[in-house]
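Here's the structure, in structure tokens; my notes come after.
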Number of protein chains: 2
Amino acid sequence: MAESPALPRYLEIQRDLQEKIASGEWGPGSRVPAEHELQALYQCSRMTVNKAISALAGAGLITRRRRSGSFVASPKSHETILQIHDIQAEIAASGRPYRFEILARQSRKMTDEDAKRLGLARSGEILALVLVHFAANRPFVHEERLLNLAVVPDAATESFSAAPPGTWLLGRVPWTDAEHTISAEAADAAIAARLGIPAGAPCLVMERRTWQAGATITWARLTYPGATHSLTSRFSPGGAMT
Amino acid sequence: MAESPALPRYLEIQRDLQEKIASGEWGPGSRVPAEHELQALYQCSRMTVNKAISALAGAGLITRRRRSGSFVASPKSHETILQIHDIQAEIAASGRPYRFEILARQSRKMTDEDAKRLGLARSGEILALVLVHFAANRPFVHEERLLNLAVVPDAATESFSAAPPGTWLLGRVPWTDAEHTISAEAADAAIAARLGIPAGAPCLVMERRTWQAGATITWARLTYPGATHSLTSRFSPGGAMT
DNA sequence: AATCGAATTATGTATAGACAAATAAACGAT
DNA sequence: ATCGTTTATTTGTCTATACATAATTCGATT
């Protein structure tokens, strides 16, 4: 059996087209039949066809131009969606016990260095933290973090005893923009000692800046021992269409 | 004037809602007005409202449940779209002259190591390449690549004199699935020599496997000197809605 | 009180039709 | 032959309506 998928018409069409593109039957640059042709082919209304094609256009598989028609897009890059989970949740999900230690905490007026990291010109109060996250009592990642107290004043009096600042923020302040930078660096002596690795060992470093409506909320720098951590993502173009 | 934005109705609504979510006015879990309410509010048809909300639902900002209604989603992770450009295009875009050198090329029956890298169990013919890409005559990235000749037989006779294998593939074989792994590793002696960096220097390593309809097309391992290269991405949830 | 079932409600899908906007192609005049 | 104008085609948006589907609520029956 398995023959009445109860699959909506527009998804059926969408998958049909997608399959033709994925298989190479319609190579990059080929013309996709016009909406009225597909409408006749599939015996449905134009809106239904439109919904299918528009979805593929949104996913970047097809580009559309008025009067000219729709064409199979030629990929110019690999694109992947990187899911960066909350550290606490990530460790908990792996079944290992989680804890963290705050090594340093300081409220201060923004230094030039702080301002640069937050991407801000003018001054203000910030909260600076240094902490280490542990998975099964072994150091997992080293975190340096700056919080812009102008945007998150509550943080000044928060103890962060229940949840680390990253988790605390995530559930409290909605962000509208984030910038991630991933790089490889040699561990400096201080961080190496805290992570229990040799100085100079390669580390995966992730820097993140987060904004809400133009205002920088926070900056974080996460240093993972390179030997134990990597980022993996699997991706299919036009993925969200089950 | 400047008052006729010519912005379509559904985008206007979409941005309105998005703004309410981004600003925190509608916190995570809040109920979004039902379609018929928004329809009355914006004086438009339900389909128009539906298009706006559906787009936000697709972007993950809203979750919808029949009969219950629509609710602002609560983010559980940072998610970012990593654009990994074609190396040739990336260097060319930076204005520096590009060239590459093929250091090794071998057609062979798949070894166990090859099979593991490609994620395949059984055997077959592959093409193995080692190359270095240069930007402005300085080593930019070291590439090891395996091509599954069962899927891309043309590669066996291709000289790759015009374009490197990555670029060549991108314009030829459509891929349906890709897996990326990003890690930090110390450069081994051979790679360090080819990149002109000290052995043991931290490197950003990106491994990629690419499939077409279940069949592995290629495996690639790109090693970037950590001192000069990083991956950056800026992301706003619900981004693709200009 | 517990359970089953029906009415209600919000979303999901689909239709037919209409007009707008962009632009490639055909056409015409200089 | 070149330039500007008209025409035709294709996508973009919108409407009003209809029925399907899932799920909550509430009432009736046991």
Side-chain angles (χ1 to χ4, degrees), chain A residues 3-18 20-21 26 28-74 238 240-242, chain B residues 1-18 20-21 26 29-73 238 240-242:
Chain A
E3 201 29 295
S4 83
L7 204 63
R9 204 91 180 84
Y10 79 94
L11 270 184
E12 203 180 314
I13 300 171
Q14 189 173 319
R15 291 179 57 189
D16 244 49
L17 301 181
Q18 197 175 349
K20 290 220 196 288
I21 295 171
W26 291 351
S30 333
R31 187 200 189 89
V32 176
E35 294 189 351
H36 69 86
E37 300 180 74
L38 292 172
Q39 171 185 354
L41 181 61
Y42 287 101
Q43 289 292 307
C44 64
S45 79
R46 185 163 81 94
M47 281 300 290
T48 303
V49 169
N50 184 296
K51 191 166 181 179
I53 303 188
S54 294
L56 293 175
L61 273 83
I62 284 179
T63 52
R64 317 193 74 186
R65 287 202 321 277
R66 276 180 183 166
R67 159 74 210 207
S68 307
S70 305
F71 301 86
V72 177
S74 39
M241 44 188 57
T242 307
Chain B
M1 291 303 178
E3 201 30 291
S4 81
L7 203 62
R9 206 91 180 78
Y10 77 95
L11 269 185
E12 202 179 314
I13 299 172
Q14 188 174 319
R15 292 179 58 188
D16 246 48
L17 301 180
Q18 195 174 350
K20 290 218 194 289
I21 296 171
W26 290 352
S30 338
R31 184 198 193 90
V32 175
E35 295 188 351
H36 68 86
E37 300 180 75
L38 292 172
Q39 171 186 353
L41 181 60
Y42 288 101
Q43 289 292 307
C44 65
S45 81
R46 184 163 81 89
M47 282 301 289
T48 302
V49 169
N50 183 298
K51 190 165 181 177
I53 303 187
S54 293
L56 294 175
L61 273 82
I62 283 179
T63 52
R64 316 192 74 185
R65 288 201 320 278
R66 275 179 182 166
R67 159 72 213 208
S68 306
S70 305
F71 301 87
V72 177
M241 46 188 55
T242 306

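Sequence lines set the chain letters: A, B, ... in the order given, protein chains first and strands last, and positions in each chain run from 1.
- At a threshold of 4.5 Å between non-hydrogen side-chain atoms, the residues V72(B) and T63(B) do not count as touching.
- To the nearest 0.5 Å, atoms OG (S74(A)) and CG (L61(A)) are separated by 11.5 Å.
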Legend entry - Pair N50(B)-Y10(B), side chain to side chain donor-acceptor pair (under 3.5 Å): steps then yes or no: CA-CA 8 Å; N50(B) 183 298; Y10(B) 77 95; over 6 Å; no
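- Mapping heavy-atom proximity under 4.0 Å, the span of DNA chain C touched by chain A runs 5' to 3' from dT13(C) to dA25(C).
- V32(B) is not listed as a side-chain neighbour of F71(B), based on a closest heavy-atom distance of 4.5 Å or more.
- S45(B) meets the side chain to side chain donor-acceptor pair (under 3.5 Å) test with T48(B); sequence neighbours excluded.
- Proximity of R31(A) to S68(A): side-chain heavy atoms (C-beta onward) are nowhere separated by under 4.5 Å.
- Between L41(A) and P33(A) the shortest side-chain heavy-atom distance does not fall below 4.5 Å.
- Remark: R46(A) engages E35(A) in a salt bridge (charged side-chain N to carboxylate O under 4.0 Å, His left out) (not counting sequence neighbours).
- Atoms CD (E35(A)) and C1' (dT10(D)) sit 8 Å apart, rounded to a whole Å.
- For the pair Q39(B) CD and dC14(D) C1', the computed distance is 12 Å after rounding to whole Å.
- Across residues 40-52 of chain A, R46(A), M47(A), N50(A) each have a non-hydrogen atom less than 4.0 Å from an atom of DNA chain D (numbered order).
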Inset, instruction - Summarise how protein sits on nucleotides 20-28 of chain D as a single string, 5' to 3': B when a protein heavy atom is under 4.0 Å from the base, S for sugar-phosphate-only contact, - for no contact. - result: -BBBBS---
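- Distances shown here put every side-chain N or O of Y10(B) at or beyond 4.0 Å from the OP1 or OP2 atom of dC14(D).
- Put simply, the side chain of I21(A) reaches to within 4.5 Å of the side chain of I62(A), judged on heavy atoms.
- Looking at heavy-atom distances under 4.0 Å, S70(B) makes contact with sugar-phosphate atoms alone, never a base.
- Using a 4.0 Å cut-off, no side-chain N or O of H36(A) falls inside it from OP1 or OP2 of dT9(D).
- The side chain to side chain donor-acceptor pair (under 3.5 Å) test applied to E37(A) returns no partner, not counting sequence neighbours.
- Between K20(B) atom NZ and L17(B) atom CG the span is 8.0 Å, to the nearest 0.5 Å.
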